[in-house]
Amino acid sequence: MNILIVEDNKELAVEVYDFLCNVGYVCKIAHNCADALEEINSNDYDAMLLDLGLPDGDGFEVLQTVRKTKSKIAVIVLTARGELDDRINGLHLGADDYLTKPFALTELSARLFAVIRRIHGFTLNSLSIHGFLLQLQDYKVSYDEIPINLTKKEFDIFQYLVLNKNRVITRLQLTEHIWGDILEVNSDSNFIDVHVRNLRKKLDKHRAIDWFETVRNVGYRINE
């Protein structure tokens with residue numbers, strides 16, 4: 001999943017960034033309101049970790065703006081403020097969870113996964129589609145209990161398409177979610193198609209995948 005970390009404390013931001021990247025997320029850091037809003041408007045993030053005390057404004061302003069245009073993004077407020085009114089205000093403005101500093105990185109990761117899971121509408125730590133089982137935290141895929149050896153990128157692509165089943169996902173969206181900032185990659189290259197082709201070959205060995213559709217000149221769709 002693609003995560004935006006909005007935190008003006010650079011040391012903490014890097015610490016959170018390194019931890020989440022190590023457990024499999026794609027992350028980007030913004031240190032102020034302006035950069036955060038620019039990132040949100042330019043890229044499609046699954047979740048935002050939002051500090052309230054930013055140098056050029058209040059994190060609540062970012063939260064209000066985001067909720068007007070990005071209804072599905074998960075927002076966890078990270079702040080040194082422990083007052084009840086701040087927590088309630090954040091939740092009323094659309095935050096999905098609230099974590100007061102200092103916090104354990106393992107707790108942050110668990111809350112993040114729980115919020116994303118709830119927003120995408122699944123209750124277990126796994127997804128299933130046409131007999132294939134994806135174990136989200138272990139990065140494992142199986143069919144009829146037979147393990148399928150996918151690379152990390154293949155797993156990420158499969159997971160993202162399953163989470164967005166019955167919806168066409170463009171190559172640009174896949175590039176952005178799997179590789180991060182769209183400005184840092186060449187979205188016109190065929191590396192997405194190569195990974196998808198390899199993924200489909202591995203799945204097709206276990207059952208026909210006519211439900212894994214290529215939408216010509218656009219992207220891909222997994223139909224349930």
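Values in this document were obtained by computation on a predicted structure and should not be read as measured data.
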Closest non-hydrogen atoms of Asn223 and Asn166, given as atom of the first, atom of the second and distance, are CA-OD1, 3.4 Å

Could you check whether any side-chain heavy atom of Tyr220 comes within less than 4.5 Å of a side-chain heavy atom of Ile157, counting everything from C-beta outward? no

- [ ] Determine yes or no for a side-chain-to-main-chain donor-acceptor pair under 3.5 angstrom, with Asp8 supplying the side chain and Leu54 the backbone.
- [x] no

- Query: When you look at Ile40 and Thr65, which way does the side chain to side chain contact (heavy atoms under 4.5 Å, CB included) test go after all the steps?
  - Reply: CA-CA 10 Å; Ile40 288 293; Thr65 302; over 6 Å; no

In terms of heavy-atom contacts, Leu63 and Ala95 come closest through CD2-N, 3.9 Å

Do the non-hydrogen side-chain atoms of Asn43 and Lys28 ever get within less than 4.5 Å of each other? no

Q) Is any side-chain heavy atom of Tyr139 closer than 4.5 Å to a side-chain heavy atom of Leu150? A) no

For the backbone of His130 and the side chain of Arg207, can you confirm whether one donor and one acceptor N or O come within less than 3.5 Å of each other? yes

Under 3.5 Å, is there a donor-acceptor pair between the side chain of Asn41 and the main chain of Leu37? yes

Nearest heavy-atom contact between Cys27 and Leu20 is SG-CB, 3.6 Å

ask   = In terms of heavy-atom contacts, does OH of Tyr17 have more than 12 from other residues, nucleotides or ligands at under 6.0 Å?
value = no

query: Stepwise, does the side chain to side chain contact (heavy atoms under 4.5 Å, CB included) test hold for Phe212 with Ile129?
result: CA-CA 11 Å; Phe212 195 143; Ile129 189 83; over 6 Å; no

Exercise. Check the surroundings of atom CD in Glu38: do more than 12 heavy atoms from other residues, nucleotides or ligands lie under 6.0 Å from it?
Key: no

Using the side chain to side chain contact (heavy atoms under 4.5 Å, CB included) rule, take Lys205 and Tyr143 through it: C-alpha gap first, then chi angles, then the decisive distance, then the call.
CA-CA 10 Å; Lys205 290 180 180 179; Tyr143 180 79; over 6 Å; no

If only atom types and distance count, is the side chain of Asn2 paired as donor or acceptor with the main-chain N or O of Asp46 below 3.5 Å?
no

Keeping Asn32 on the side-chain end and Asp35 on the backbone end, is there a donor-acceptor pair under 3.5 Å? yes

| query | Quick check: does any side chain N or O of Arg111 sit under 3.5 Å from a backbone N or O of Leu99, one acting as donor and the other as acceptor? | reply | no

| Does NZ belonging to Lys152 count more than 12 external heavy atoms closer than 6.0 Å? | yes

Quick one: does Lys202's side chain have a donor or acceptor within less than 3.5 Å of a partner on Asn149's backbone?
yes

Across all chains, not counting sequence neighbours, the side chain to side chain donor-acceptor pair (under 3.5 Å) partners of Arg167 are Asn164

Next on the checklist: Go through it in stages, so that I can follow the logic: the residues are Asn9 and Asp51, the test is side chain to side chain contact (heavy atoms under 4.5 Å, CB included), and I'd like the CA-CA distance, side-chain angles, deciding distance and then a yes or no.
Outcome noted: CA-CA 9 Å; Asn9 184 319; Asp51 181 30; over 6 Å; no

Using a strict threshold of under 4.0 Å (side-chain N to carboxylate O), is an ion pair present between Asp193 and Arg197? no

(message) With heavy-atom distances below 4.5 Å as the criterion, would you say the side chains of Tyr25 and Phe113 are in contact?
(response) yes

Leu203 and Trp211 have their tightest heavy-atom pair at CD1-CH2, 4.4 Å

Checklist entry - Any side-chain heavy atom of Leu49 within less than 4.5 Å of one from Leu108? => result yes

Min side-chain heavy-atom separation Val6-Val62 under 4.5 Å:
no

